[in-house]
There are 2 protein chains.
Amino acid sequence: MQHGGTRKTILEVSAGLFASKGYSAVSMRDIAAAVGVTVGNLYYHFADKEELVRASLTYVFSERMSPLEGLLKQHASPHDRLEAFVLWFVGEIFGEEPFTRLILRELLDGTAERLEYLAKTVFKEPFTLTTKLIADCAGTSDPVMSADFVASLVLGSYQFARVLPHLTGGGPEDASSDAVARHVLRLIRTTFPLGKGVSGR
Amino acid sequence: MQHGGTRKTILEVSAGLFASKGYSAVSMRDIAAAVGVTVGNLYYHFADKEELVRASLTYVFSERMSPLEGLLKQHASPHDRLEAFVLWFVGEIFGEEPFTRLILRELLDGTAERLEYLAKTVFKEPFTLTTKLIADCAGTSDPVMSADFVASLVLGSYQFARVLPHLTGGGPEDASSDAVARHVLRLIRTTFPLGKGVSGR
DNA sequence: GTCTATATGCGGATAGAC
DNA sequence: GTCTATCCGCATATAGAC
């Protein structure tokens with residue numbers, strides 16, 4: 001790791017550990033060992049564990065959400081943009097486990113400040129975008145509630161996927177990223193018929 | 001606590017602590033202090049912390065799901081039973097925070113064995129019931145997926161409720177138990193029209 | 001069944017050499 | 001910037017008195 005990015009390496013490695021075991025279950029010693037440095041070094045880069053946790057979250061969240069900017073600049077129809085966006089979001093939640101698990105941990109144990117940060121960095125833009133797209137696609141009475149529904153369903157599907165196999169007796173295939181995406185899109189289409197939006201071009 | 005139920009008290013108190021802070025963030029000292037006994041006493045009742053965690057989960061899960069038996073014996077129409085059941089389930093998830101938070105923690109960090117236990121004690125019966133009711137109400141192509149959808153949406157709504165206020169600028173009223181129940185029921189009705197089921201009486 | 005006392009190691013955190 | 005050495009309190013867990 002002599003490419004000068006020790007701090008960055010610490011952030012990446014610790015994020016993975018925090019995601020899989022939880023903050024309080026991961027010690028500074030664990031992190032140091034996993035990174036290949038000493039505990040003292042960790043304290044050179046970060047004032048205390050709390051600051052490392054915060055920096056770790058900040059790093060992962062902004063890193064993961066940066067591609068969104070590109071998606072926002074497309075010029076397709078609201079209908080196509082909504083589909084593309086849902087596909088991307090589901091892929092992000094199901095394909096990037098550490099990212100998703102950190103989100104879920106924050107939702108469960110985050111302090112008020114950290115929740116606000118999570119809202120701002122991760123959910124604000126996607127949520128606003130979804131709300132607008134839905135409003136454009138369908139004359140839904142409450143696009144905010146519909147966006148809430150999309151986010152909740154995607155997040156919940158990820159969570160519930162862990163027990164689904166035990167309930168159906170089958171394998172975990174039912175809850176693959178693609179299946180969920182199709183599922184959500186079908187529900188969106190059924191619930192608010194698309195393609196004939198108020199401001200549809 | 002001299003009513004002879006020290007063990008039970010330990011289970012109740014520790015469940016509350018585990019739910020709110022997480023297993024590894026709660027020490028045996030914390031529990032002992034909260035209960036009003038000594039650490040040594042904890043180890044008289046439970047071999048180690050892991051066993052206490054397990055017993056705590058077992059206690060809460062079976063305790064909370066016992067009313068379900070009654071619901072299952074109703075003789076109303078599939079449509080009414082599905083509505084009543086969803087109402088009960090949503091109330092349970094939104095109204096019993098410790099219970100719900102323990103479920104979410106297991107979904108996030110539970111070992112394979114504990115997940116199977118969670119599936120068996122908490123989700124198996126409700127899930128099977130929902131699947132059957134949906135199949136009876138509507139000629140849905142895939143009732144299993146629909147049941148998955150209901151569970152995921154309820155769980156996800158609870159989780160997402162924590163950030164929703166930050167996204168809408170409003171208060172947390174949007175995500176009350178009643179609002180979610182109505183929301184879910186409306187979606188169920190929209191997605192698979194009820195009342196004209198195959199085996200509807 | 002509950003307590004006191006204690007063993008032993010791990011946790012976060014710091015000082016100072018290189 | 002990284003390491004070694006160390007402080008100190010808290011963690012899990014046990015032994016034995018009452």
Side-chain angles (χ1 to χ4, degrees), chain A residues 1-60 101-102 105-106 108-111 113-114, chain B residues 1-60 101-102 105-106 108-111 113-114:
Chain A
M1 295 304 154
Q2 55 278 34
H3 51 285
T6 299
R7 191 191 150 95
K8 199 171 167 183
T9 307
I10 294 172
L11 290 176
E12 281 163 0
V13 172
S14 66
L17 290 173
F18 289 146
S20 70
K21 302 185 177 198
Y23 314 118
S24 55
V26 176
S27 70
M28 296 299 269
R29 286 167 150 85
D30 292 337
I31 298 168
V35 173
V37 294
T38 59
V39 175
N41 196 350
L42 255 35
Y43 281 92
Y44 168 78
H45 290 285
F46 305 94
D48 53 25
K49 192 183 177 180
E50 174 66 24
E51 194 186 297
L52 173 51
V53 170
R54 277 199 73 104
S56 204
L57 292 171
T58 305
Y59 175 75
V60 172
R101 291 175 64 86
L102 287 177
R105 290 199 189 285
E106 287 303 286
L108 209 48
D109 294 320
T111 63
E113 305 133 22
R114 267 165 40 180
Chain B
M1 298 303 154
Q2 55 278 35
H3 53 285
T6 300
R7 191 191 150 95
K8 200 172 165 181
T9 307
I10 295 172
L11 289 177
E12 282 162 359
V13 171
S14 65
L17 290 173
F18 289 145
S20 70
K21 302 185 178 196
Y23 314 120
S24 53
V26 175
S27 70
M28 296 299 267
R29 282 163 146 89
D30 293 336
I31 298 168
V35 173
V37 294
T38 59
V39 175
N41 196 351
L42 255 34
Y43 281 92
Y44 167 78
H45 290 284
F46 305 93
D48 53 25
K49 192 182 178 182
E50 173 66 24
E51 195 185 294
L52 174 50
V53 170
R54 276 198 74 103
S56 204
L57 292 170
T58 305
Y59 175 76
V60 172
R101 291 176 63 86
L102 288 177
R105 289 198 190 286
E106 287 302 286
L108 211 48
D109 294 320
T111 62
E113 306 134 22
R114 266 164 42 180

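Proteins come first, then strands; the chains are lettered A, B, ... in the order of their sequence lines, and each starts at number 1. Remember, predicted model here, so these are calculated numbers, not experimental data.
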Does some side-chain heavy atom of [Y] sit less than 4.5 Å from a side-chain heavy atom of [X]?
X	Y	value
B:F46	B:R54	no
A:V35	A:N41	no
A:H45	A:L11	no

Q: Could you list by number each residue of residues 44-56 of chain B showing a heavy-atom separation from DNA chain C of less than 4.0 Å, or answer none if no residue does?
A: B:Y44, B:H45
Q. Does anything in residues 24-34 of chain A reach DNA chain C, meaning a heavy atom under 4.0 Å, and if so which residues?
A. A:V26, A:S27, A:M28, A:R29
Output yes when at least one side-chain N/O atom of [X] is less than 4.0 Å from OP1 or OP2 of [N], else no.
X	N	value
B:T38	C:dT2	no
A:Y43	C:dT14	no
B:T6	C:dT2	yes

Q: Decide side-chain contact (heavy atoms from CB on, under 4.5 Å) for A:Y23 and A:L102; before the verdict, give the C-alpha distance in whole Å, the side-chain angles of both, and the deciding distance to 0.1 Å.
A: CA-CA 10 Å; A:Y23 314 118; A:L102 287 177; 4.2 Å; yes
[X] [atom1] to [N] [atom2]: how many Å, rounded?
X	N	atom1	atom2	result
B:K8	C:dG1	NZ	P	16 Å
A:L42	C:dT14	CG	P	13 Å
A:N41	C:dA17	CG	C1'	15 Å

Q) Any donor and acceptor pair, going by atom type alone, linking the side chain of B:R114 with main-chain N or O of B:L57 inside 3.5 Å? A) no
Q) Any sub-3.5 Å donor-acceptor pair from A:R101's side-chain atoms to B:L108's backbone N or O? A) yes
Q.
Test side-chain contact (heavy atoms from CB on, under 4.5 Å) on B:I10 and B:Y59; report intermediate values, then the result.
A. CA-CA 11 Å; B:I10 295 172; B:Y59 175 76; over 6 Å; no
Q) So, A:S27 versus A:D30: side-chain donor-acceptor pair below 3.5 Å or not? A) yes
